[in-house]
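Worksheet: the structure to be examined is printed underneath.
Just so you know, ligand 1 is whichever comes first in the structure, and atom 1 is the first atom listed for that ligand.
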Amino acid sequence: MPKIENLTSIQVLDSRGLPTISTEILLDDGTRSVAMVPSGASTGEKEALELRDGGQAFLGKGVTKAIDNVNDRIKNSLIGENPLDQDHIDEILNNIDGTSDKSNLGANAILSVSIASAKASSKSENLDLHDYFNILLGNKMGKTIDQVIPIPMLNILNGGEHADNNIDIQEFMIIPKGAVNFSQAMQWSSEIYWNLKSILKEKGLSTAVGDEGGFAPNLNTNREALELIARAVDKTNLKLGSDICISLDCAASEFYENGTYHLKGEDRELTSSEFAEYLEGLANDFPIISIEDGMDENDLEGWKLLTKQIGGKCQLVGDDLFVTNPEVLKKGISDEIANSVLIKYNQIGTISETLETISIALNNDYQNIISHRSGETEDSSISDLAVGTGAGQIKTGAPCRSERVAKYNRLYWIDKKNSFSYG
Ligand code: PGA
Ligand code: ZN
């Protein structure tokens with residue numbers, strides 16, 4: 001069995017130019033692996049804590065304390081441990097942290113080690129990372145999990161916290177549902193993206209991009225964003241509703257205040273039931289097959305209403321709602337809200353707990369969607385996580401900006417080297 005020989009953590013920059021953590025792990029068989037952690041902007045209240053320094057440097061966003069935690073306490077506790085026992089490694093990390101939200105060591109510090117350990121283990125075992133994740137999940141669930149090349153959800157129009165425009169809904173995504181394989185899915189998506197760009201240009205609208213690589217023009221309404229996407233699909237000679245479907249991430253917690261949904265861009269204020277009606281109206285007029293965070297994370301009644309109203313025909317995804325947390329997801333399942341869960345491993349902070357959440361979803365017929373964060377790096381481990389867990393869906397931005405494209409490019413290689421089914 002290999003043993004952990006050393007851990008080194010340094011500061012690197014994420015796609016927003018803000019500090020994040022990169023951790024290298026060295027095993028006693030000579031294996032070295034590096035992991036980098038992402039960072040969110042529209043975060044859920046119950047997410048594990050991302051430790052930031054505060055103070056002047058990097059506008060308070062420094063991560064030197066988290067890095068010191070890896071280089072000191074975490075390293076001292078893990079040297080000599082067997083990295084192949086992922087549950088044990090993550091348990092040690094949780095034990096030295098000692099809090100429920102990882103606020104002592106920082107979820108960013110902990111996750112960097114948890115991913116680095118999984119990467120080194122797969123390398124040491126001569127496995128691809130997706131195969132390794134597949135084994136870990138299979139062991140947890142006591143059964144074989146089929147690996148799958150996920151259908152991408154590509155966020156081609158950005159609003160909310162990810163852009164400086166007036167659109168309230170955070171993400172407008174295309175789902176190349178009718179594509180026969182991953183390659184075709186990406187080709188269609190790239191063509192639609194470029195056609196959307198030329199449509200925006202013709203109309204004199206901005207073609208600058210937001211944090212996840214989608215365009216971020218100022219528009220009059222959310223509906224206008226959907227109409228522009230419909231035109232781009234048409235211009236690509238594809239059929240909306242069969243070749244291409246649409247997915248939204250409202251990130252509704254960002255515009256919910258005092259019991260009301262404030263659509264500032266449209267100058268409207270809506271109650272939960274009016275906002276549910278509003279979303280249903282959009283889903284009636286456009287082939288929207290998935291809506292994420294359609295209600296505020298604390299608006300339980302709103303979630304129940306939305307789930308009852310459109311949960312039968314639409315994938316309703318809990319992101320800020322479930323925060324990849326096994327206990328929070330269990331509670332949501334018993335409340336019968338949503339029907340899918342967004343999986344972001346930095347919301348919970350370890351690989352083991354991420355796999356635990358995935359297994360709970362699978363056992364309860366909730367769909368898993370593996371996701372990036374708006375602040376990313378070139379680390380593409382989530383592509384392996386998506387394939388290895390057989391999630392079937394991945395959300396990792398527009399076909400633009402290398403930190404987004406790195407994930408798609410990794411999927412091209414996994415697809416090429418294996419004969420997994422698509423979607
Ligand atoms: P975040 O956004 O990474 O800024 O939280 C992504 C999302 O809400 O899905
Ligand atoms: Zn979201």
Side-chain angles (χ1 to χ4, degrees), residues 14-18 20 36-50 52 61 107-108 111 150 152-165 167-175 209-214 216 222 246-256 261 279 288 290-299 303 306 314-325 328-329 332 337-349 354 357 367-377 379 382 385-386 391 393-398 401 403-404 407:
D14 73 12
S15 55
R16 282 191 273 254
L18 291 172
T20 189
M36 282 175 272
V37 297
S39 175
S42 65
T43 49
E45 283 171 21
K46 301 189 194 81
E47 289 191 26
L49 184 115
E50 179 182 72
R52 298 277 183 188
K61 299 280 192 183
N108 40 354
L111 182 67
M153 289 186 176
L154 300 104
N155 178 8
I156 60 170
L157 217 148
N158 295 185
E161 289 299 297
H162 295 167
D164 286 327
N165 57 4
I167 306 177
D168 298 294
I169 290 183
Q170 182 179 277
E171 300 172 20
F172 294 83
M173 294 168 272
I174 48 171
I175 308 179
V209 302
D211 285 0
E212 297 187 350
N222 291 307
I246 294 178
S247 158
L248 302 177
D249 180 4
C250 300
S253 299
E254 300 297 328
F255 52 84
Y256 182 73
Y261 292 88
L279 291 175
I288 296 172
S290 180
I291 300 176
E292 181 181 328
D293 284 346
M295 291 281 152
D296 173 78
E297 63 194 86
N298 294 311
D299 183 9
W303 267 106
L306 186 69
C314 198
Q315 176 171 268
L316 295 178
V317 187
D319 169 16
D320 295 343
L321 180 69
F322 296 141
V323 291
T324 317
N325 183 308
V328 179
L329 175 60
I337 54 172
N339 51 35
S340 309
V341 54
L342 201 75
I343 301 292
K344 292 167 163 172
Y345 47 28
N346 80 324
Q347 287 182 322
I348 186 71
T354 301
T357 302
Q367 299 298 313
N368 286 299
I369 301 154
I370 310 299
S371 173
H372 64 163
R373 298 305 304 241
S374 53
E376 267 293 339
T377 71
D379 191 308
I382 61 162
L385 187 67
Q393 300 177 76
I394 191 168
K395 194 180 113 156
T396 189
R401 295 182 59 134
E403 77 280 4
R404 314 293 147 191
K407 280 64 166 178

Q. Hey, does His372 come in under 3.5 Å of ligand 1, counting only N/O atoms on both sides?
A.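 No; the residue has no nitrogen or oxygen that sits under 3.5 Å from a nitrogen or oxygen of the ligand.
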**Q.** Polar proximity ligand 1 side, His162 side, N/O cut 3.5 Å exclusive
**A.**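 Yes, since at least one N or O of His162 sits under 3.5 Å from an N or O of ligand 1.
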Q: Around atom 9 (O) of ligand 1, find the nearest protein heavy atom and jot down its residue, atom name and distance.
A: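 Result for atom 9 (O) of ligand 1: Lys395 NZ, 2.7 Å.
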For [X], counting its heavy atoms only, list the atoms of ligand 1 lying under 4.0 Å from any of them.
X	value
Arg373	1 (P), 3 (O), 5 (O)
Gly40	1 (P), 3 (O), 4 (O), 5 (O)
Glu171	6 (C), 7 (C), 8 (O), 9 (O)
Asp319	7 (C), 8 (O), 9 (O)

Q: From the options Arg401, Arg404, Lys407, select the one residue that forms a salt bridge (charged side-chain N to carboxylate O under 4.0 Å, His left out) with Glu376.
A: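 One option only clears the test, and that one is Lys407.
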Taking atom types as modelled and ignoring hydrogens, do the side chains of [X] and [Y] form a donor-acceptor contact shorter than 3.5 angstrom?
X	Y	answer
Ser42	Gln170	yes
Thr324	Gln347	yes
Ser247	Glu292	no
Asn108	Glu50	no
Tyr261	Asp296	no

Q. Which pair of heavy atoms, one from Ala216 and one from Gly210, lies closest together, and at what distance?
A.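 Distance-wise, the nearest heavy atoms are CB-N, 4.1 Å.
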**Q.** Leu316 versus Asn339, closest heavy-atom pair with distance
**A.**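 So the minimum-distance heavy-atom pair works out to N-OD1, 2.7 Å.
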I'd like to know if [X] contacts ligand 1, where contact means a heavy-atom distance under 4.0 Å to any ligand atom.
X	value
Gln170	yes
Leu342	yes
Ser42	yes
Lys344	yes

Closer than 4.0 angstrom, basic N to acidic O: yes or no for [X] and [Y]?
X	Y	answer
Lys46	Glu297	no
Glu47	Arg373	yes
Lys395	Asp249	yes

At under 4.0 Å between heavy atoms, is it the side chain or the backbone of [X] that contacts ligand 1, or both, or neither?
X	result
Glu212	side chain
Asp249	side chain
Ser374	both

Which atom, counting only N, O or S, brings [X] closest to the Zn ion (ligand 2)?
X	result
Glu292	OE2
Asp319	OD2
Asp249	OD2

